[in-house]
Amino acid sequence: MKYYLLIPFLPLAGFLLNILLGRRLFRSQAHWPSTLAVFGSLVVAVMVLMDVLHGKTLNHDLYRWIISDKFQVSVGFLIDQLTAVMLIVVTSVSFLVHVYSIGYMHDDPGYYRFFAYLSLFTFSMLMLVMANNFLQLYFGWEAVGLCSYLLIGFWYEKKSASDAGKKAFIVNRFGDFGFGLGVIMIFLTLGTLHYIPVFDKINTLTGQTINILGLHVNLVTLIALLLFCGAVGKSAQIPLHVWLPDAMEGPTPVSALIHAATMVTAGVFMVARCNPIFNLSHTAMNVVAVVGGVTALFAATIALVQNDIKRVIAYSTISQLGYMFLACGVGAYGAGIFHLYTHAYFKALLFLCAGSVMHAMAGELDMQKMGGLKKYMPVTYWTMLIASLSISGIPGLAGFFSKDEILFRAYASGGVGRFVWVLGTAAAILTAFYSFRLIFVTFHGEFRGTEEQRHHLHESPKVMTVPLVLLCIGAVAAGWVGVPPLLGGSEHFAHFLEPVVGLPHAKEVSHAEEWMTMGISVAVALAGILIAAVFYLKNPAIPRRLAERFPFLYRLLWNKYYVDELYDYIVVRPALGIANNIIVKFTDGAIIEGIVNGVPAFIGWLGAQMRKVQDGVVEHYASIMAVGIFVLLAIGMIFLI
């Protein structure tokens, strides 16, 4: 099974070839090293999945990374059921994004650099999901953050893109600080950072507390919440969600990769991987569930009024990630990973379809300037329609099976689970509404763009539409591996993950209650689509009248609850004030510049004064010598006495 090493290191080789030789050697063919490398990783990932399906798992240390007294960490790989699922998701979506990018980025001057960064992004995520210890996980964690900075700000000459890259990097520092503390706490309390020993020993910490500022805090709860801080940042949950919508400034294939297979899924994966830790803290589980449920509804409300086609899908991602955390928080880790898996395909498809629309509209993002694109872009329309049906939870499509599983598990868990079930159900109707608002406004009705844009309208080339069709198959079929027993299935996906994530935490519920949750889920999805059709097909004046009747609510949603403005007021401005007044003026200006410029200035002044002595008059030299002799004699007499 040693061939598994090819999975991360093939994309790394693709990165090195392109970053070192791409500009001179490959140029317009720079896609080949990266795309072929990721395809090789996909092939090997499928082979690994076959091995895992036959009961073969692996936990192997490749070499010792750090040895310092008791602190010993290896570069190692854990291949189990959870890893196998993530490998398929990352490599398959990444490969299709690479292929799509050949058409989307074909005339970009940074072509070789773009594919180099895509390969590095894939390598980083693969190292993260394959790690067998927390330090290697942290390495991949920070590496995907670096790659997101490079790719979001890929068009760095554009200020908004440069600012978005910095925003993503800086906001994630807040979450990663907590995550780093959690990793440190694990080592200090358990003496190791390797998963298997940590999960075996974590029960020994049950009931232990730690004193923080006079408060006795449960140790396991503290570790779990610190780890979750990292997940909140990386997976864009409240209150660290603000970076993800701005990440749309990067090229559209980057958005698809970040939102579907890398970066944002890392937080969900980490919580599922660390389920033995979270299971020991009821408080931490409730926090995860509530944060997920609130985020799912919060982001869905913002998406209702946005007109930027990519930002609507971005807020959709934040909302869907909330569903995944909701599932993990009620103990249904398998359902959370199931939704991660299905979401990867329909979300990548949504973003790449949006990129296809932008390609036809000469870069236009405002849906209000589109309309009537269905007849010009049939492949893009039908694939995006299916993706929208899938994310809405229409029966038979991938999103229905995974989202319904989450809502049912939340309801069945009782307690806090019933509360987040209500939040998730409310978010479901909004998801269907804004998804079909996007479809109806973009593809139906009359074209509202310029004549120049109308003449430019065309379906994307096959190198872009073929990945759409392949992802569309995933958006339909991916969910069929997890059909619930109620519908005649056997939940193959949940049973496959059971050795890693265990059984869902659930109370006994009747079949009637299960049918009820499923019926409500489907009903709200259909209601959301129907309302969107009424608003944007039958009577398009309704949305405008509602905005005029409820101006405060409309402005609140349009301005994203003013969270960015709040952060600017309480974080950005004070930080800039400290930077300008203390660091720049005092530390840098007074101290550093004072020393750097002051010492040479003092030497210059001293030299100028000494030059006055060298006037060439012998009498002056004799007087100075006499004074010097007198001083030396005086000093000698003082010491002799």
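This chain uses plain numbering: 1 for the first residue, then up along the sequence.
- Defined by atom type and a distance below 3.5 Å, a donor-acceptor pair is missing between the side-chain atoms of Tyr315 and His241.
- The aromatic rings of Tyr111 and His31 lie perpendicular to each other, with more than 60° between the two planes, well past the 30° mark.
- Within the 4.5 Å cutoff, no side-chain heavy atoms of Met464 are placed close to those of Leu352.
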Salt bridge (Lys or Arg N to Asp or Glu O under 4.0 Å) for Glu142 and Arg173? Distances and angles first, verdict last. CA-CA 9 Å; Glu142 295 302 327; Arg173 300 284 66 74; 2.6 Å; yes
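- For the 3.5 Å distance criterion, the side chains of Tyr100 and Ser356 fail to qualify, holding no donor opposite an acceptor.
- The line from CZ of Phe115 to CG of Asp108 is 10.0 Å long, rounded to the nearest 0.5 Å.
- Residues that satisfy the side-chain hydrogen bond (donor to acceptor under 3.5 Å, both in side chains) test with Gln136, not counting sequence neighbours, are absent from this structure.
- Evaluated for a side chain to side chain contact (heavy atoms under 4.5 Å, CB included) with Ser390, the options Leu397, Val476, Leu349, Thr342 yield exactly one hit, Leu397.
- Residues Gln320 and His339 bring a donor and an acceptor atom of their side chains to less than 3.5 Å of each other.
- With hydrogens and angles left out, the side-chain atoms of Ser388 and Ser435 include no donor and acceptor closer than 3.5 Å.
- The backbone N or O of Thr83 lies less than 3.5 Å from a partner atom in the side chain of Asp80, making a donor-acceptor pair.
- Between Ser316 and Lys347, some side-chain heavy-atom pair lies under the 4.5 Å cut-off.
- Aromatic ring orientation, Phe338 versus Tyr341: parallel (interplanar angle below 30°, classes split at 30° and 60°).
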Checking Phe15 against Phe123 for the ring pair (Phe, Tyr, Trp, His ring centres under 6.0 Å) test, could you report, in this order, the C-alpha distance in whole Å, the side-chain angles of both residues, the deciding distance, and whether it holds? CA-CA 9 Å; Phe15 161 72; Phe123 161 75; 8.3 Å; no
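- Here the straight-line distance linking atom CZ of Phe325 with atom CG of Leu340 works out to 9.5 Å at 0.5 Å rounding.
- By the 6.0 Å contact criterion, CZ on Phe71 is enclosed, its count of non-hydrogen atoms from other residues, nucleotides or ligands being greater than 12.
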